[in-house]
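For reference, the structure is listed below as structure tokens.
Keep in mind that the numbers below use all heavy atoms, side chains included, and drop hydrogens, waters and symmetry copies. The structure displayed is predicted, hence computed values, not measured ones. In listed order, ligands and their atoms are each counted from 1.
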Amino acid sequence: MTKLPSLRESILQHLRYSFGKDPEHAILEDWRMAVSYAVRDRITDAWINATHRTYDTGAKRVYYLSMEFLIGRLLEDGIVNLELVDEARAVLAEFGKDYQAVLADEPDAALGNGGLGRLAACFLESLSTLGCPAHGYGIRYEHGLFRQSFVDGRQVEMPEHWLEQRHAWEFERPEVRYRVGFGGHVDTRGETVRWYPAEEVEAEAFDTPVVGWKGRWANTLRLWSGRAIHPFDLDRFNHGDYAGAAQPEALARTISRVLYPDDTTEQGKELRLKQEYFLTCAALRDILRRFNNQFGDLRKLPAKVAIQLNDTHPAIAGPELVRVLHDERGLPFDDALEIAQGCLSYTNHTLLPEALEAWDESLFGRLLPRHIQLIDRIDATHAARNPSRQQSMRADHQVKMGQLSFVMAHKVNGVSALHTDLMKSTVFSELHRLHPDRIVNQTNGVTPRRWLLGCNPRLASLITESIGEAWVDDLDQLTRLEPSVEDAAWLDRYAQVKRDNKVDLANWMARHHGVHVDPDMLFDVQIKRLHEYKRQHLNILETIALWSEIRDNPEAGWTPRLKLFAGKAAPGYFFAKDIIRLINDAAAVINADPVTAPYLKVAFLPNYNVSLAERLVPAADLSEQISTAGKEASGTGNMKFALNGAPTVGTLDGANVEIREHVGAENFFLFGMTAEEVMERRHVDGHAWRAIEADPRLRRALDLIRDGRFSPQDPGRYHGITGNLEGPDYFLVCSDFTDYWRAQREVDAAFADRSRWSRMAAWNTARSGWFSSDRTIRGYMADIWNAQSLIGA
Ligand code: F58
């Protein structure tokens, strides 16, 4: 390995030789790129070493197949993991450049919708930190999740163009290309079955190294980009049809053009299925090529290859692997099935019926005619081996991807204890009865490198000063802070960290959004995708009720509060978009009220993404995790907040349950019905009305909204929302309102006593070590993948 020059030298060399600039003429982007290349060089050494080591040891490899990797910005991640923060800052300062500005110049890679995609990104980082040989496989979307802005309070979506700015992280691999077919027909001659696709596109690999803590190991995120096999139709061009000549390329590129923002038209659905097969087919070819080069004997596949399906999106991997092994490589069907099951495992992220993937059999059969035959054979085999089986994966003229994934996997996991239990008793109850050892739990986690060391350097320094730096890759060490939590002087420093972070955020909001807030207010934060089950409308109802109450009695000693929201709604999810608008409309009225101004402020920050979360999480006092119990599979924002010292106000849902167990009930503001109570309450006639009649505050808040107090020019604007809440109220906003109000007043009282509050916050930090994604990945390695760490091996 060549010895690299100092970071300073490296940066200057890249500035000069990669970008042709001297420091005097370099623009911000040149600096950002030069620093990125200097950091990348250091990551690349770790990466190539890790690859050699994996080959040399013949170790088992993990493949994480996911339609989403919400990686955000990577420069800071690299700098933090390589412990170059001080050096990078100093070099930039020497040339009069601001470190933060350089970091912020990087495009935020929004290749995911929300928690599922961010989890995949945290997992990759933990896999590298733990030295587990792994690849992430995904799609290199040209356009990630849409950019959100507000016009008159309404969400407006604009395309996202992260690839238009330069970035340093990917290596194009033009030599790694596979053909992916669609449609066509199946030819059966006796035992020999061949699929002849009608249309083919090429998947080309782009590799991004993912470095772990201290650069001890680096794995690969391999993203596929669509391209035409024959990019240009010369014949059509020569006949003057210039647009037509470019059509094959345009069509093929459509496949990796945009990330699905989770709502779909019929046409969109077809493209989504194509994307899913595109990712899976290319990934499996790549996996088998690598396996063949090294091992050859396909029967050893499960000993050397673990393939994790991140939700059902890559579920076609089951039939595709069977197809390759059986149709192409000639293994008997039963053997192919057994080998595939030995490799595959599946993570479920939702119990919401509308989110469980099911494809129309006509569409599926048209695009993947061989796969639908194989699914029928897999289903029939499963039925024959389990005579009491009733549910088929082929029902209602649909292909049920959850059932398929379950049957094809040797392990199926939920993402929190409660969610895993509910999987067993609801969606997968029959399959669980047939295969009682298959479902396991792996509660989610978050990487402490990004979600504490990187985003909250003040708190990280205080922790390191108190207990040493071993916590960074051994987060359980945070319990060693417990004695400090009882030490008044230390608590003052802890409180000062939070206060400084809040000042930073307040300044940033003033500068970038013209929102002026007092950093001494309680920063109450709800940031996540907009969804009725996440109940941002419960939060705004309580806000409106609070506003009325303060107006009635401004002298009652209110705890000043800033209600902060951020999050995107799917473009076709009109109810969620109405909630955004209501929050913005309410904010305008409330923020303009001089009577309540000292006590209440509301802000909805646009374009929530990973970078914005990194700003908000360290500055939050209170974490809103208020989903209808039983609906949020886990949540991971909840963990980031607890770790950064923001106690939760929340329901017993998802990982909230485990957070409360770890941080202590006295450091958590619990409210609301349990998942069981929720199921019962739905059967109570007029549950919403009963709740409204019993609580005049709720009544009044609903009246204000319905009577147009926040939309005077258009009083009927929110009748959709009020009608829903006063009627079906499926997510039980009204039924949980009164208890939520009570919990919030407890928050007020606790926050008014600052030392009590700091103690609660610090307990949250000290007891959140278990929520490291390192712990989660160790669980997957031991219980699902049977994979080993190669660090120190
Ligand atoms: C999320 N799912 C869960 N899905 O909602 C959350 O509770 C959990 O913590 C997280 O996964 C990680 O396990 C989620 O983010 C999506 O974004 C889907 C992507 C594909 C389209 C439908 C939404």
Practice task
Check for a donor-acceptor pair, side chain of Glu68 on one end and backbone N or O of Asn113 on the other, with a separation under 3.5 Å.
Solution key: yes
Under 3.5 Å, sequence neighbours excluded: what are the donor-acceptor pairs made by side chains of residues 351-359?
{"from": "Glu357", "atom 1": "OE1", "to": "Thr312", "atom 2": "OG1", "distance (Å)": "2.7"}
{"from": "Glu357", "atom 1": "OE1", "to": "His313", "atom 2": "N", "distance (Å)": "3.4"}

Practice task
Answer yes or no on whether Lys631 is positioned over the face of Phe731, meaning its NZ or CZ is under 6.0 Å from the six-membered ring centre and within 45° of the axis.
Solution key: no
Completion exercise
Residue set satisfying salt bridge (charged side-chain N to carboxylate O under 4.0 Å, His left out) with Glu157, at least two apart, ordered chain then number -> Lys577
Pairs under 3.5 Å, nitrogen or oxygen of ligand 1 with protein nitrogen or oxygen:
{"from": "ligand 1", "atom 1": "5 (O)", "to": "Tyr533", "atom 2": "OH", "distance (Å)": "3.2"}
{"from": "ligand 1", "atom 1": "5 (O)", "to": "Glu632", "atom 2": "OE1", "distance (Å)": "3.1"}
{"from": "ligand 1", "atom 1": "7 (O)", "to": "Glu632", "atom 2": "OE1", "distance (Å)": "2.6"}
{"from": "ligand 1", "atom 1": "7 (O)", "to": "Ala633", "atom 2": "N", "distance (Å)": "3.3"}
{"from": "ligand 1", "atom 1": "7 (O)", "to": "Ser634", "atom 2": "N", "distance (Å)": "3.0"}
{"from": "ligand 1", "atom 1": "7 (O)", "to": "Gly635", "atom 2": "N", "distance (Å)": "3.1"}
{"from": "ligand 1", "atom 1": "9 (O)", "to": "Asn444", "atom 2": "OD1", "distance (Å)": "3.4"}
{"from": "ligand 1", "atom 1": "9 (O)", "to": "Gly635", "atom 2": "N", "distance (Å)": "2.7"}
{"from": "ligand 1", "atom 1": "11 (O)", "to": "Leu116", "atom 2": "N", "distance (Å)": "3.4"}
{"from": "ligand 1", "atom 1": "13 (O)", "to": "His349", "atom 2": "ND1", "distance (Å)": "2.6"}
{"from": "ligand 1", "atom 1": "13 (O)", "to": "Asn444", "atom 2": "OD1", "distance (Å)": "2.8"}
{"from": "ligand 1", "atom 1": "15 (O)", "to": "Gly115", "atom 2": "N", "distance (Å)": "3.3"}
{"from": "ligand 1", "atom 1": "15 (O)", "to": "Leu116", "atom 2": "N", "distance (Å)": "2.8"}

Problem - Contact list for residues 772-785, test salt bridge (charged side-chain N to carboxylate O under 4.0 Å, His left out), sequence neighbours left out - result: Arg449-Asp774
Practice task
Decide, yes or no, whether a salt bridge links Lys528 with Glu624 under the criterion of side-chain N to carboxylate O below 4.0 Å.
Solution key: no
